[in-house]
Colleague: 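The structure follows.
A note on names: the letters A, B, ... follow the listed sequences, proteins ahead of strands, and every chain is numbered from 1.
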Number of protein chains: 4
Amino acid sequence: MPPRSDLKRQRILTAARDVCAESGYEAARMDEIAHRAGVSKGTLYNFFAGKEALLIATVLSTYQDYIVLLPGVENDTLDPRDRLAALAESLATGFEAIAQHLLLTHQAWSVVLNSPAARQELLGTLRSIYSGYTETLQSILAAGIERGVLRPDIDISVVATNWLAIYDGLLYRAGFEEDEPDPAYTAAGVRTSLGWLIQQLLVTDTARADEKIDIDKESVRT
Amino acid sequence: MPPRSDLKRQRILTAARDVCAESGYEAARMDEIAHRAGVSKGTLYNFFAGKEALLIATVLSTYQDYIVLLPGVENDTLDPRDRLAALAESLATGFEAIAQHLLLTHQAWSVVLNSPAARQELLGTLRSIYSGYTETLQSILAAGIERGVLRPDIDISVVATNWLAIYDGLLYRAGFEEDEPDPAYTAAGVRTSLGWLIQQLLVTDTARADEKIDIDKESVRT
Amino acid sequence: MPPRSDLKRQRILTAARDVCAESGYEAARMDEIAHRAGVSKGTLYNFFAGKEALLIATVLSTYQDYIVLLPGVENDTLDPRDRLAALAESLATGFEAIAQHLLLTHQAWSVVLNSPAARQELLGTLRSIYSGYTETLQSILAAGIERGVLRPDIDISVVATNWLAIYDGLLYRAGFEEDEPDPAYTAAGVRTSLGWLIQQLLVTDTARADEKIDIDKESVRT
Amino acid sequence: MPPRSDLKRQRILTAARDVCAESGYEAARMDEIAHRAGVSKGTLYNFFAGKEALLIATVLSTYQDYIVLLPGVENDTLDPRDRLAALAESLATGFEAIAQHLLLTHQAWSVVLNSPAARQELLGTLRSIYSGYTETLQSILAAGIERGVLRPDIDISVVATNWLAIYDGLLYRAGFEEDEPDPAYTAAGVRTSLGWLIQQLLVTDTARADEKIDIDKESVRT
DNA sequence: CATGAATGAGATTTCATTCAT
DNA sequence: TATGAATGAAATCTCATTCAT
């Protein structure tokens, strides 16, 4: 059972996330956040040094909540093609939730502009999240080449960069969409776009050559 | 010769862009913008209805400034592969300038959250910019397939989506970089990443099959 | 034919009166006044030293417009009772127009608070208007007493004060009324209230004793 | 003991009244009011929504402070003539204080011009104050007629209207006076003017017929 | 004399933060 | 540790006035 203060901290972060999502960081009022969290303003300041620190914590907490890799991804006994599919599916799964809260991240940029310490904390964490992805991805690619299921001429680094770029790009564009978003910028779009990328990596004469990679198939979820 | 008031408007937009880039939208002061533009605060408000309207205008004006396609792109007598290369080069050319001012766009999201009219103006313009890119790209791809220089099994729509997603993703990530950015998130990275994408599209048995596409080569600039 | 500049001055005063009546002095904008008058703001300042001076001039001009005594009032060959009736009718006639613009006068008080010169100009003019009324009224009362048609025990000064106080009081209260004003605070109310006052002054045993004074009757307009 | 916040509210209202009396509403600065009230500007805005709301509250509070009827007025066992005298004395007593702050009311008119809600609040309260006076007055007059001490032919409604009109008119004119006001527009003037009005109402053949009503006499204060 | 774009002092108002209780 | 009334620095924006044309 988490201590009571952790619950309170969590309530504050959730309230902050909600209020910022509705009104934007600038328009979010500490009063409103405290009210929604069911605490007083004084308590807010016991947990977070200020509005800025609260925003950073909220952004990082949001990432923690949504960045969850499916179990297949890290399991290096699986076929690397299935692991790629599982990674793509992991990203697709969290896509809409992340997209919805991406605004928060955008706003964090401006806030940290003039605050080197906050900047380091935010960038550091985000970079480490991306590093994690990149390492995982590169190791899967390397395993795929080694096992002969991915094309040997792949530039692992470029492909990893593009994989993440496609994901980020879709996420970014999702923010442009309104009530009826273009399907290209939804979870389904992530599956399509990363599916296409995976196709480009496959060797064409293996036993699985004409099998279409289906990132939704059961094996992924193993 | 543009009328004098256009010059003044431009000076204000440039000042706003600079100040926001340095301090962020929230921290940018109308006083400071007026001062840098060499006009009084009153004049600022004669040209723009308020801080919010000024931000939107600044973002749009920044896009206008940097989104310039090289002449080869639209020239449909050229080899479609060269046109793709020219398009990639166009995006690479503007990349760093756009990346530097991307912060401004991020901030614009929060500002327009509570202002439907501003939201429409901003999203509408951005969407039309993206539509333009997408149409151009799709028509080049179609021409390439028709002429037999691009693979006939290409899903034009998916490729176009991914092209733009890669560009946006690199742009987005460039914002994470600091003094010594990862080369993947520079103009050179754009060339590499989009170059890789173009490679995936080429038919492998043409006369140019083993020619490496060099998006920097002279023909692009024709 | 008045010189052209007098017409322009008059147009400005009328525009100022209208705008102030609609929005109040504070909310009235020099821009709007200039626009309605069909002149530029610069011209406004050629005619009036500033907003304050314009208000004073507007108030005084409004009084000039509405304070018109019927001819019978000053005619000392008429029966004093008829002259009183004519005076009452004069006040009743202008009542609604004055009441409508009384707001302007109210606002003038605050404006002149900190400007002794303006204060003198405004108060001086108003006092002279009131003095005129008072003198006229007192001379009619004296004539009435002398001729034996008004009660000899009248305190001329008190009656004159009350006459004007009743008029001012009705005017003041008229400002409280809205769409359907209490008839007591309309031109008809002025006739009733001053009619009552006149009744109190009459000697009760003259030939006209039981004649009801009708301030509307023809003789008044002679 | 009133709660502390009521004291603070009262301090703010008093400060607002003083500052507005000195400088007028427009020229009054929220800074100055806060300073005089000994609170911060923020606190001012915790108590009143804005400058406008503060003005309305100040005007109404001023009326509440000065409109006090002497006990004899409502006591219907007294001689109606004494009750009238007591009412006149009540008005005379508050006269100078009200006159001094009348400026505030004048300014309130313009402020509420463009704010229907504020207008309703201000007009409603003022009308109810006047209604109270009118009802009291009419009931005294009726009692006087019934008891045979006032003339039976009195038109109660007209007399009540004129009573209040005289009071308002004197109040209004008092605003024109400067350092040495005409005695007609002072508390003494109110006594004289309303005393005259009362005289007009008396039956002339009662025991008290030739007693001059003296509104200062002891019985009034019972 | 007329114009109206430009000015900038100064107003109201907000809201993150504090601290006595 | 929790509270929330009080704070006051600092922001945006207005608009009477000016003056080059």
Colleague: Nearest 0.5 Å please: distance from the CH2 atom of A:W109 over to the CZ atom of B:F176.
Modeller: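 Separation between the atoms: 4.0 Å.
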
Colleague: Quick one: closest heavy-atom pair of B:L103 and A:S110, and the distance?
Modeller: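 Result for this residue pair: CD1-N, 3.8 Å.
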
Colleague: Can B:K51 be said to sit on top of B:Y45's aromatic six-ring, NZ or CZ under 6.0 Å from centre and within 45° of the ring axis?
Modeller: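 Cation-pi check for B:K51 and B:Y45: fails.
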
Colleague: Which of residues 13-30 of chain D sit near DNA chain E, with a heavy atom under 4.0 Å from it?
Modeller: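 The stretch gives D:A28, D:R29, D:M30 as the residues lying under 4.0 Å from the strand, ordered by number.
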
Colleague: Starting at CD1 of D:I33 and ending at P of E:dT13, how long is that distance when rounded to a whole Å?
Modeller: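 Taking atom P of E:dT13 as the reference, CD1 of D:I33 is at 11 Å.
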
Colleague: Might you point out which heavy atoms bring C:F48 and C:A53 nearest each other, and give the distance in Å?
Modeller: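 Closest approach of C:F48 to C:A53, heavy atoms only: CD2-O, 4.4 Å.
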
Colleague: Rounded to the nearest 0.5 Å, what separation is found between the NE2 atom of D:H101 and the OG1 atom of D:T105?
Modeller: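 Reported value, rounded in 0.5 Å steps: 10.0 Å.
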
Colleague: Figure out the CG/C1' separation between C:D31 and F:dT14, and round it to whole Å.
Modeller: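 One finds 11 Å between C1' of F:dT14 and CG of C:D31, rounded.
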
Colleague: Considering only side-chain heavy atoms of A:Y45, which listed nucleotide, F:dA16, E:dT12, E:dT18, is closest?
Modeller: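 Closest nucleotide to the A:Y45 side chain: E:dT18.
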
Colleague: Within the pair A:S40 and F:dG4, is there a side-chain N or O less than 4.0 Å away from OP1 or OP2?
Modeller: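 No, outside the criterion.
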
Colleague: Roughly how many Å is it from CZ in A:R9 to C1' in F:dA2, rounded to a whole number?
Modeller: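 Result: 18 Å.
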
Colleague: Expressed as a whole number of angstroms, how long is the span from B:H35:NE2 to E:dT7:P?
Modeller: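 Between P of E:dT7 and NE2 of B:H35: 13 Å.
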
Colleague: Quick one: is F:dA6 close enough that its OP1 or OP2 comes under 4.0 Å of any side-chain N or O from D:K8?
Modeller: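 Yes.
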
Colleague: A:L44 has an atom CG; how far is it from atom P of E:dT18, in whole Å?
Modeller: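 Atom CG in A:L44 sits about 12 Å away from atom P in E:dT18.
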
Colleague: In Å, rounded to the nearest 0.5 Å, how long is the span from OG1 of C:T125 to CD1 of C:I129?
Modeller: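 Those atoms lie 6.5 Å apart.
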
Colleague: Is it true that D:E22 and D:R36 make a salt bridge, defined as a side-chain N closer than 4.0 Å to a carboxylate O?
Modeller: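 Yes.
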
Colleague: Using a strict threshold of under 4.0 Å (side-chain N to carboxylate O), is an ion pair present between B:E32 and B:K41?
Modeller: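 Salt bridge absent between B:K41 and B:E32.
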
Colleague: With pairs taken as Watson-Crick or G-U wobble and both distances under 3.5 angstrom, which stems of at least three consecutive pairs involve DNA chain F?
Modeller: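 The stems are E:2-21 with F:2-21.
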
Colleague: Nearest-nucleotide wise, let me know which of A:G42 and D:G42 is further upstream toward the 5' end of DNA chain F.
Modeller: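 So the residue in question is A:G42.
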
Colleague: How about D:E52 and D:S115: does a side-chain donor come under 3.5 Å of a side-chain acceptor?
Modeller: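 Indeed, the side chains of D:E52 and D:S115 share at least one donor-acceptor pair under 3.5 Å.
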
Colleague: Kindly point out which of E:dT14, E:dT7, E:dA2 is positioned nearest to the side chain of B:T43?
Modeller: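 Looking only at side-chain atoms, B:T43 lies closest to E:dT7.
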
Colleague: Locate the shortest heavy-atom distance separating B:L113 from A:S23; write the atom from each residue and the value.
Modeller: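 Where B:L113 meets A:S23 most closely, the heavy atoms are CD1-C, 3.5 Å.
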
Colleague: Kindly indicate, with the supporting measurements, whether the criterion side chain to side chain donor-acceptor pair (under 3.5 Å) is fulfilled by B:S61 and B:T58.
Modeller: CA-CA 5 Å; B:S61 143; B:T58 303; over 6 Å; no

Colleague: When you measure from every atom of DNA chain E, which of residues 46-55 of chain D have a heavy atom less than 4.0 Å away?
Modeller: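 Contacting residues: D:G50, D:K51.
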
Colleague: In whole angstrom, what separates C:E32's CD from F:dA16's P?
Modeller: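 Whole-Å distance recorded here is 11 Å.
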
Colleague: How long is the span from the CD1 atom in C:I33 to the OG1 atom in C:T14, to the nearest 0.5 Å?
Modeller: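 That separation rounds to 11.5 Å.
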
Colleague: Reckon B:K41 has a side-chain N or O less than 4.0 Å from the OP1 or OP2 of F:dT14?
Modeller: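 Answer no for this pair, as no side-chain N or O of B:K41 is under 4.0 Å from OP1 or OP2.
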
